[in-house]
Amino acid sequence: QVQLVESGGGLVQAGTSLRLSCATSGIIFHDKVWAWYRQAPGKQRELVAHISNFDTTNYADSVKGRFTISRDNAKNAVYLQMNSLKPVDTAIYYCNSRPHVYVWGQGTQVTVSS
């Protein structure tokens, strides 16, 4: 079955960096668009970034210039390098494909203190 497992979150101070990983299994990975989403307490889940099967990327305005999404088709994995973190980046981060979404994983918590 499809499984999405996010990791790499943690508690960090503003201005520092984190690298999130998304391990996938049970799907054909390489031909899909993959994305990172986040959901902060009391807010809707939002799309953070996505990367196509031919490596084009797109980012939410709020993270553009700070975050970088990448993929490794050999490892069936998606990554999110997050630099210059801000307290407003605090959220649970999830990976998934789009526009079709699989069953959501548990996500990984990112907490940025000021």
Side-chain angles (χ1 to χ4, degrees):
Q1 70 271 24
V2 174
Q3 190 170 8
L4 309 175
V5 181
E6 301 91 347
S7 63
L11 172 62
V12 298
Q13 293 190 344
T16 63
S17 299
L18 281 173
R19 182 175 174 85
L20 307 184
S21 297
C22 171
T24 74
S25 60
I27 49 90
I28 299 175
F29 177 90
H30 68 272
D31 62 350
K32 294 176 171 61
V33 174
W34 288 95
W36 284 96
Y37 299 82
R38 67 186 181 187
Q39 187 166 26
K43 300 186 69 176
Q44 295 270 48
R45 181 173 54 235
E46 66 173 337
L47 178 66
V48 175
H50 64 80
I51 182 167
S52 76
N53 57 313
F54 50 97
D55 290 339
T56 57
T57 59
N58 201 8
Y59 299 90
D61 288 341
S62 59
V63 308
K64 196 166 189 175
R66 299 188 297 121
F67 291 9
T68 302
I69 188 171
S70 61
R71 64 192 292 162
D72 187 338
N73 290 337
K75 297 181 178 180
N76 295 339
V78 193
Y79 307 98
L80 186 68
Q81 178 67 44
M82 306 186 297
N83 298 328
S84 301
L85 283 162
K86 304 174 180 180
V88 294
D89 297 320
T90 295
I92 302 175
Y93 285 72
Y94 303 88
C95 64
N96 220 312
S97 64
R98 66 187 308 264
H100 172 77
V101 297
Y102 294 101
V103 175
W104 297 95
Q106 291 298 113
T108 186
Q109 176 71 51
V110 172
T111 303
V112 184
S113 63
S114 60

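Note that this is a predicted model, so its numbers are computed, not measured.
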**OP:** Answer yes or no: are there more than 12 heavy-atom neighbours, outside Gln106 itself, under 6.0 Å from its atom CD?
**Re:**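 Incorrect, the count does not exceed 12.
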[X] side-chain N/O to [Y] backbone N/O, donor-acceptor pair under 3.5 Å:
X	Y	answer
Gln3	Gly26	no
Tyr94	Glu6	no
Thr24	Asn76	yes
Arg71	Ser52	yes

Answer with yes or no whether the hydrophobic clustering places [X] together with [Y]; edges join I, L, V, M, F, W, Y residues whose side-chain heavy atoms lie under 4.5 Å apart.
X	Y	answer
Leu47	Ile92	yes
Leu20	Leu85	yes
Phe29	Tyr102	yes
Val2	Val78	yes
Tyr59	Leu18	yes

**OP:** Only one of Val33, Leu80, Thr57, Asn58 passes side chain to side chain contact (heavy atoms under 4.5 Å, CB included) with Ile51; say which it is.
**Re:**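 Per the side chain to side chain contact (heavy atoms under 4.5 Å, CB included) rule, the option paired with Ile51 is Thr57, out of Val33, Leu80, Thr57, Asn58.
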Could you check if a side-chain atom of [X] sits within less than 4.5 angstrom of a side-chain atom of [Y], using non-hydrogen atoms only?
X	Y	answer
Lys75	Ser21	no
Trp34	Ile69	no
Met82	Arg66	no
Tyr79	Arg19	yes
Gln109	Thr90	yes
Trp36	Cys22	yes

Subject >> Atom of Asp31, atom of Ile28 and distance for their closest heavy-atom approach >> reply: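 Residues Asp31 and Ile28, closest heavy atoms: OD1-O, 3.1 Å.
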Subject >> Shortest non-hydrogen contact from Pro87 toward Ser113 >> reply: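 Result for this residue pair: CG-C, 4.4 Å.
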**OP:** Name the orientation class of the two ring planes belonging to Tyr37 and Trp104 (parallel below 30°, tilted from 30 to 60°, perpendicular beyond 60°).
**Re:**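 Perpendicular.
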**OP:** With rounding to the nearest 0.5 Å, note down the distance linking CD in Gln39 to OH in Tyr93.
**Re:** 12.0 Å
Original post:
Could you walk me through whether Val63 and Glu46 pass the side-chain contact (heavy atoms from CB on, under 4.5 Å) check?
Top reply: CA-CA 12 Å; Val63 308; Glu46 66 173 337; over 6 Å; no
Subject >> Between Arg98 and Asn96, a side-chain donor and acceptor under 3.5 Å >> reply: no
